There are 2 protein chains.
Amino acid sequence: MSQTVQRALRIIEFVAERPRSLGEVAGHLGVHRSTALRLLQTLQDGGFARTVGGRYTVGLRLVALAQQALDQLDLLPVAHPYLVRLGDRHGHTVHLAQLLDDEIVYVAKVDGRGALRMGSRVGRTVNPQTSAVGKAILAYLDDASRERFLERITYRAYTASSITSPEALRAELARIAERGWAEDDGEFEDFVTCVAAPVRDARGQVVAAVSITALRAVAPVERLRGCLPDLTETCAAISRDLGWPGADGPRTGSRGANRP
Amino acid sequence: MSQTVQRALRIIEFVAERPRSLGEVAGHLGVHRSTALRLLQTLQDGGFARTVGGRYTVGLRLVALAQQALDQLDLLPVAHPYLVRLGDRHGHTVHLAQLLDDEIVYVAKVDGRGALRMGSRVGRTVNPQTSAVGKAILAYLDDASRERFLERITYRAYTASSITSPEALRAELARIAERGWAEDDGEFEDFVTCVAAPVRDARGQVVAAVSITALRAVAPVERLRGCLPDLTETCAAISRDLGWPGADGPRTGSRGANRP
DNA sequence: GTAGGTGGTTGCAACATATGCACCAACGGA
DNA sequence: TCCGTTGGTGCATATGTTGCAACCACCTAC
């Protein structure tokens, strides 16, 4: 493990919060200003940091590399046109989350027509306790994988609607698997509602989920449920593009077929 | 300058191209496998690298930090709702490029309805010789700044439509400043057409540009010119949101007012 | 106009860390 | 079963990183 590289990465994290002075960076790392300066100079040289008005912030090369990394995900080019059209038809924010390694991560977001932008961010992990996409993926995991996720959940009562015990979440995941879609009815932020459906790969494994999200004031969850036929059909189409034979094809998934 | 940090950043660049084995990374850097491994372990620990099928690729923490960095640009939250609506009205890909430091960089992209995705990438620099957004910004720079850009241009003939001399580019920039909009009529890739207009800050300085891009087969440049009233009005609205008093307000820009 | 404080920066010697070596484990092909 | 390749680790040491002292620029107060 390299201490010097760790320091450099901590600098990137620190300046990503907001632009920082050299002294702030040195203080944050607990090193001499000259040490911080040399690390920052190296990050600048590589495009990972830049200065704006005498303060250090994240460099644009990092941004370009992030886009390059996202472009490498096989799912994204397949799914993206569907997301854009789905968002266009409904006017709400659309998310794609993917199961990567042992995490569920937002990998795409298509903003809705409203001026307000959702706080979700590409690259960030999903909250599997509350988010519709998280639950839509968990519902179809094999038992061992799902239990690993359930173990890591805090079951915090973010809002009055939050699911606050493993038993209750297991029951909800069983319902989701049965009906083929998930929802977040203000479980994390009580003014946000969301519905989601799973995306399958060629082997029928659920590897991602797509959601439609809105402010409750704009679209209560009952109204978002009206999008479900379109949403589940869109997810089926993405799945077919990934090689999935369809709900009546060879069964490899552990749970019931995807039907609204 | 830190050699160790430089190596770590080179690793990130290298694995962003495509997933790489430990041996490939060691070979690329010219170091022992154990050195490469420790650097990779540190990057993984920080979320900047991860392994997929025994190969190293970019980590998702980098992706999240990149989004965080983009979210910090003052312009983006202001402009983004306009871009989404503009794209929605015209159905074509919309880009926002911003003048940052001494570069013009794509900072947002809203995909059009077609299945094909443009090769442009958020975080990458703009080609100021050929791109409509690049020319839309250059046209309004002060003479010294503009000449610095012009000096760095290669004037390569990418297509038959490319501008291939500084004189010809200066003349085109003067026309752009006169009429208030720019276009790319297949100057970089002959099957892509584009129109762009500038965005001003509170002092009337041009700091960004918005473009509408399409495949020539879908929308020849004559058809895209039909979007110009809407595009220039959108850019004026973004500019007013940034504090610009408007074309009839106090004049601080070096060239004529923005009107189609 | 000058002094003092602050922040950015550099040269250099000390030393703490990064490094390569030797070795091990796992895997796949012959 | 054997051999080659690749991923990975412990450790001694070579070297690159580090903090110190000093410098410079800028800003503010007197």
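Quantities reported herein were computed from a predicted structural model and do not represent experimental measurements. Residue numbers start from 1 in every chain, and the chains themselves are labelled A, B, ... in the order their sequence lines are given, proteins ahead of strands.
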Legend entry - Of all pairs that satisfy salt bridge (Lys or Arg N to Asp or Glu O under 4.0 Å), the ones with a partner from residues 33-48 of chain A, not counting sequence neighbours: none
Legend entry - Which residues share a side chain to side chain donor-acceptor pair (under 3.5 Å) with A:Ser145, sequence neighbours left out: A:Asp142, A:Arg148
Residues that [X] engages under salt bridge (charged side-chain N to carboxylate O under 4.0 Å, His left out), provided they are two or more places apart:
{"X": "A:Glu147", "answer": "A:Arg170"}
{"X": "A:Arg156", "answer": "none"}
{"X": "A:Arg10", "answer": "none"}

Inset, instruction - Sugar-phosphate atoms are those with a prime plus P, OP1 and OP2; base atoms are the rest. Using that split, label each nucleotide of nucleotides 6-12 of chain C B, S or - for protein heavy atoms under 4.0 Å, 5' to 3'. - result: --BBBBB
Inset, instruction - Name all residues meeting the side chain to side chain contact (heavy atoms under 4.5 Å, CB included) criterion together with A:Asn127; count only those two or more places apart in sequence or in a different chain, and write none if there are none. - result: A:Gln129, A:Thr130, A:Tyr158, A:Phe188
Legend entry - Residues in contact with DNA chain D, drawn from residues 3-11 of chain A - heavy-atom cutoff 4.0 Å: A:Thr4, A:Arg7
Inset, instruction - Over all heavy atoms of both residues, which pair between A:Val206 and A:Ala136 is shortest? Give the atoms and the distance, please. - result: CG1-O, 4.2 Å
Inset, instruction - Send over the distance from A:Leu39 CG to C:dA18 C1', rounded to a whole Å. - result: 14 Å
Inset, instruction - Round to a whole Å and report the spacing from CG of A:Leu40 to P of D:dT17. - result: 15 Å
Sequence neighbours excluded and cut-off under 3.5 Å, please list the side-chain donor-acceptor pairs for residues 11-22 of chain B, or say none.
from: B:Glu13; atom 1: OE1; to: A:Arg61; atom 2: NE; distance (Å): 3.1
from: B:Glu13; atom 1: OE1; to: A:Arg61; atom 2: NH2; distance (Å): 2.5
from: B:Glu13; atom 1: OE2; to: A:Arg61; atom 2: NE; distance (Å): 2.9
from: B:Glu17; atom 1: OE1; to: B:Arg20; atom 2: NH2; distance (Å): 2.5
from: B:Arg20; atom 1: NE; to: B:Phe14; atom 2: O; distance (Å): 3.0
from: B:Ser21; atom 1: OG; to: B:Glu24; atom 2: N; distance (Å): 3.1
from: B:Ser21; atom 1: OG; to: B:Glu24; atom 2: OE1; distance (Å): 3.4

